[in-house]
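So you know, we letter chains A, B, ... as the sequences are listed, proteins then strands, and number each from 1.
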There are 2 protein chains.
Amino acid sequence: MSKGEETRQAILDEAFSMASCVGVGGLSIGALAERTHMSKSGLFAHFGSKEELQLAVLRESQQRFADIVLRPAFRQPRGLTRLRAIVLNWLDWTREACLPGGCVIMAAAAEFDDQPGPLREEVKNGLLAMRRTLAETIAKAIETGELRPDTDIDQFAFELEGIYQVTQQSRRLLDDPDADRRALIAFDRLVRDNAVLKEKE
Amino acid sequence: MSKGEETRQAILDEAFSMASCVGVGGLSIGALAERTHMSKSGLFAHFGSKEELQLAVLRESQQRFADIVLRPAFRQPRGLTRLRAIVLNWLDWTREACLPGGCVIMAAAAEFDDQPGPLREEVKNGLLAMRRTLAETIAKAIETGELRPDTDIDQFAFELEGIYQVTQQSRRLLDDPDADRRALIAFDRLVRDNAVLKEKE
DNA sequence: GACAATATAGTACGACCGTTCGTATTAGTC
DNA sequence: GACTAATACGAACGGTCGTACTATATTGTC
């Protein structure tokens, strides 16, 4: 790893945690330079434009998300076990990734949803990929016979996303201590409604 | 209505639709002055500070929300009918209120959730009020015998919020044409799981 | 219509923004 | 150790930001 890549990564590390607090749009090169003990121009040279920096932060976020949330969950056996692992890691990932200001990607989604450009596309693709990953995992839980074959996979993923979003909001804005518990209740209900019928107990 | 109040309202109208696109934090006095054909200082005098302007926009949003979403729904009979009316109006309100850039309040919620100050408090109180309204409406649906007495009211409201949030995101960022349909499916499932058991059909 | 109160405009300010440029320093290679 | 390319710095630019102050125009009241 050359010196350049090294500092570039160091900048991204700082930018990542900074973006958690002020949003990807709220990043400023001056402030970032200060926190990395660099000159504005020296830092700037690594990216060429602010937008390129923002894109790099988004990509960094997605990679960390994959490392922290998805990869460990995919070591679990396919089916509901794995799906549940994703949900648990997901709910926990802002803590795990040291994101003092919440999930960078979700914040960016709200920020750029009506501002056409590369940033919007990047966020959109990231979220679509997440939906796809969820869908595949759900499909495997059908294969294992845990969920009913007529389960609406995309609907399932859709509702899962909703649970995640409201949990974040409840935790961060409303300071609701029950948010995580509620998220799991909602998840269990979602699973139960799509599970194959067991013997009546 | 004095001249002052009149122009103040005109400014707020413009600021409201502007905030829909760039967010409450993205409002700028210069740009707003241009769009209202006023001088920066003339406009500024109506609010005294940018934060005061932002607060006014948030209050304006809440009032419009009440007018467009809640008030009409409360003309429906209490119970599930009214609850469903709220949901329908809610899903529709960004169109109804001419919000080209989506729900101002939700965007502000994501924007200010980690930035202490009056703006955060205003958004927080607004969302808490919404949860309370939902809870009351759900409670009435229990009274009418449509929902089970052991329905977890706050859980119900929690999940409803989640449905709304993911719908907004799916519509606006992912350009998903099925978002509204999915929202209603999720709502119906939520109702069904809490409904009093009917004769087996 | 005079007068006070209110409302608007004009100008200027200091701070920060992203970006450019020329130059100094440092790292990697022979 | 010399030479080159990569890397970092400092200063400056044009712009926009929110805000303060002063002066002019407009409004509402007697």
Worksheet item: For A:Lys140, does its backbone N or O pair with a side-chain atom of A:Arg78 as donor and acceptor, under 3.5 Å?
Response: no
Item to complete: Kindly check if the number of other-residue, nucleotide or ligand heavy atoms within 6.0 Å of CD (A:Glu143) is above 12?
Response: yes
Practice prompt. Answer yes when A:Asp176 and A:Arg171 have at least one side-chain N-carboxylate O distance shorter than 4.0 Å, and no when they do not.
Written response: no
Discussion item. Once you apply a heavy-atom cut-off of 4.0 Å, does A:Ala45 come out as touching a base, just sugar-phosphate, or nothing?
Written reply: nothing
Return a table of donor-acceptor pairs under 3.5 angstrom between the side chains of residues 62-69 of chain A and protein atoms on other chains or two or more places apart.
| residue | atom | partner | partner atom | Å |
| --- | --- | --- | --- | --- |
| A:Arg64 | NE | A:Glu60 | OE2 | 2.9 |
| A:Arg64 | NH2 | A:Asp13 | OD1 | 2.7 |
| A:Arg64 | NH2 | A:Glu60 | OE2 | 3.1 |
| A:Asp67 | OD1 | A:Arg71 | NE | 3.2 |
| A:Asp67 | OD1 | A:Arg71 | NH2 | 2.6 |

Discussion item. Counting only heavy atoms from other residues, nucleotides and ligands, does the tally under 6.0 Å from CD of A:Glu34 exceed 12?
Written reply: no
Worksheet entry | Range on DNA chain D touched by chain A, heavy atoms, distance below 4.0 Å | D:dT7 to D:dG10
Discussion item. Counting primed atoms plus P, OP1 and OP2 as sugar-phosphate and everything else as base, spell out the protein contacts along nucleotides 12-30 of chain C at 4.0 Å heavy-atom distance: B, S or - for each nucleotide, 5' to 3'.
Written reply: -----SBBBB---------
Worksheet item: Between B:Arg131 and A:Ser170, do the side chains contain an N or O donor and an N or O acceptor separated by less than 3.5 Å?
Response: yes
Worksheet item: Got a salt bridge between B:Asp175 and A:Lys124, using NZ or NE/NH1/NH2 to carboxylate O under 4.0 Å?
Response: yes
Discussion item. Would A:Asp180 and A:Arg95 count as a salt bridge (Lys or Arg N to Asp or Glu O under 4.0 Å) here? Give the steps.
Written reply: CA-CA 13 Å; A:Asp180 285 56; A:Arg95 279 186 278 265; 3.4 Å; yes
